[in-house]
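Treat the numbers as computed from the prediction; the structure is a model and nothing was measured.
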Amino acid sequence: MVLLGAYPVIEWVAVMLVGLGLARYGIARPRVVAWTALAGTFAALVALAPGVELLRVSVVQRAEAGTDASLQAAAVQTAAVGESLQAFGNVGVCAVIVAVAVLLTGLARPGVRRVAAAVLSPITAMGAMPLTIYTAHLVVLAAAKREENGFITDDSWPLVIGLIVGSMAFAWCWRRFIGRGPLEELMRIASGRSRTAV
C-alpha cells in the first residue's frame, strides 16, 4: 500500500499535503486563488504531455525488451518518470479546478454563488466524506483488477465514470438524508468527540 496499488501512499500523501497547504494558506483569498490557478496551469502544461509520452515509450520498450532484464528495467524506469510527471500534472489540473470552484462558490456575486453551490453540491458532498469515498474506491478498484496484455490493470473508462458518478450520487444522497459520511462518523465515535465538540 505504501509503494504499489491504486493509491500508493508515497504518491498520494504528497498530493494530500498540497491540498492541506492550500487550505492553510487561505485558498478563499483572491490572491491565493489566482496563484493557485497560475501554478496549476503551469504544472499541467509542463508535465502532462511529457508524462503521457514517457508512458507510451515505456510500453514500447517493454514490448521490444522481450526477456532482456536490463531493457525491462529501463522500461520500468521510463514508466516511473512518466507516472511521476503525470501525477505532477494531475495535481496542477486539480489545483485549477479548486481555484475555479472557490471562485464560483466563494468569490463570485451572490446569484452566481447560489447557482454554483447547487450545481457543485454533489462534489461538495464527496469532499465532506473523503475517507468513505476513498475507501470505497479502493475496494472497487481491488475488485476490478484483471490481466490485460500481460499486465495487471484496473483501468477502464466505464470504471472511472462509474466511480465518479456513483460517488457523487452516494455522497449527495447520504449527506442530504443522513449527514456525516459513515466512516467519518465512525472516526468521530472512535475519537470520543461529541457532536457538539465537533
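Under a hydrophobic clustering in which Ile, Leu, Val, Met, Phe, Trp and Tyr are joined whenever their side-chain heavy atoms come within less than 4.5 Å, directly or via other members, Val13 and Leu20 fall into the same cluster. No single ILVMFWY cluster, assembled from side-chain heavy atoms under 4.5 Å apart, contains both Phe88 and Val46. When the side chains of ILVMFWY residues are joined at heavy-atom separations under 4.5 Å, either directly or via intervening members, Val96 and Val98 end up in two distinct hydrophobic clusters. When the side chains of ILVMFWY residues are joined at heavy-atom separations under 4.5 Å, either directly or via intervening members, Met168 and Trp157 end up in a single hydrophobic cluster. Under the 4.5 Å side-chain contact rule for hydrophobic residues, Val81 and Val76 do not share a cluster.
Among all heavy-atom pairs drawn from Ala28 and Val102, the shortest one is CA-CG1, 4.0 Å. Taking both residues in full, the closest heavy atoms of Ala43 and Gly92 are given as CB-CA, 3.9 Å, listed atom of the first, atom of the second, then distance. Counting all heavy atoms, side chain and backbone alike, Ile27 lies closest to Val33 at O-CG2, 2.9 Å. When all heavy atoms of Ala116 and Leu104 are compared, the pair lying nearest together is CB-O, 3.7 Å. Closest approach of Gly40 and Ala95 over heavy atoms only: CA-CB, 4.0 Å. In terms of heavy atoms, Ala74 sits closest to Gln61 at O-OE1, 3.7 Å.
Side-chain contact between Trp174 and Arg180 is absent, with no heavy atoms from C-beta onward closer than 4.5 Å. At least one side-chain heavy atom of Gln86 sits less than 4.5 Å from a side-chain heavy atom of Val52. Considering only heavy atoms from C-beta on, Leu159 comes within 4.5 Å of Val140 through its side chain. A heavy-atom distance below 4.5 Å is found between the side chains of Leu131 and Met187. Taking 4.5 Å as the limit, every side-chain heavy atom of Val112 sits out of range of all side-chain heavy atoms of Thr105.
Atoms OG and CD1, from Ser167 and Ile123 in turn, are 11.5 Å apart once rounded to the nearest 0.5 Å. Here Leu120 contributes atom CG and Arg113 contributes atom CZ; the two are 13.5 Å apart, rounded to the nearest 0.5 Å. In this structure, CG in Leu103 is found 11.5 Å from OG1 in Thr36, a value given to the nearest 0.5 Å. Distance CE/Met126 to CZ/Arg175: 12.0 Å, rounded to 0.5 Å. Atom CZ in Phe42 sits 12.0 Å away from atom CH2 in Trp35 (nearest 0.5 Å). Interatomic distance, CD1 of Ile133 versus CZ of Phe170, reported as 6.0 Å (0.5 Å rounding).
Shown here are the side-chain hydrogen bond (donor to acceptor under 3.5 Å, both in side chains) partners of Glu83, two or more places apart in sequence or in another chain: there are none.
The closest donor-acceptor contact from the side chain of Thr135 to the backbone of Thr132 lies at 3.5 Å or more, if one exists at all.
Sorted by first and then second residue, the salt bridge (charged side-chain N to carboxylate O under 4.0 Å, His left out) pairs with a member in residues 43-64 read Glu53-Arg56; sequence neighbours excluded. The salt bridge (charged side-chain N to carboxylate O under 4.0 Å, His left out) analysis of residues 12-35, with sequence neighbours excluded, yields no pairs.
For CE of Met16, the number of neighbouring non-hydrogen atoms (other residues, nucleotides, ligands) closer than 6.0 Å is greater than 12.
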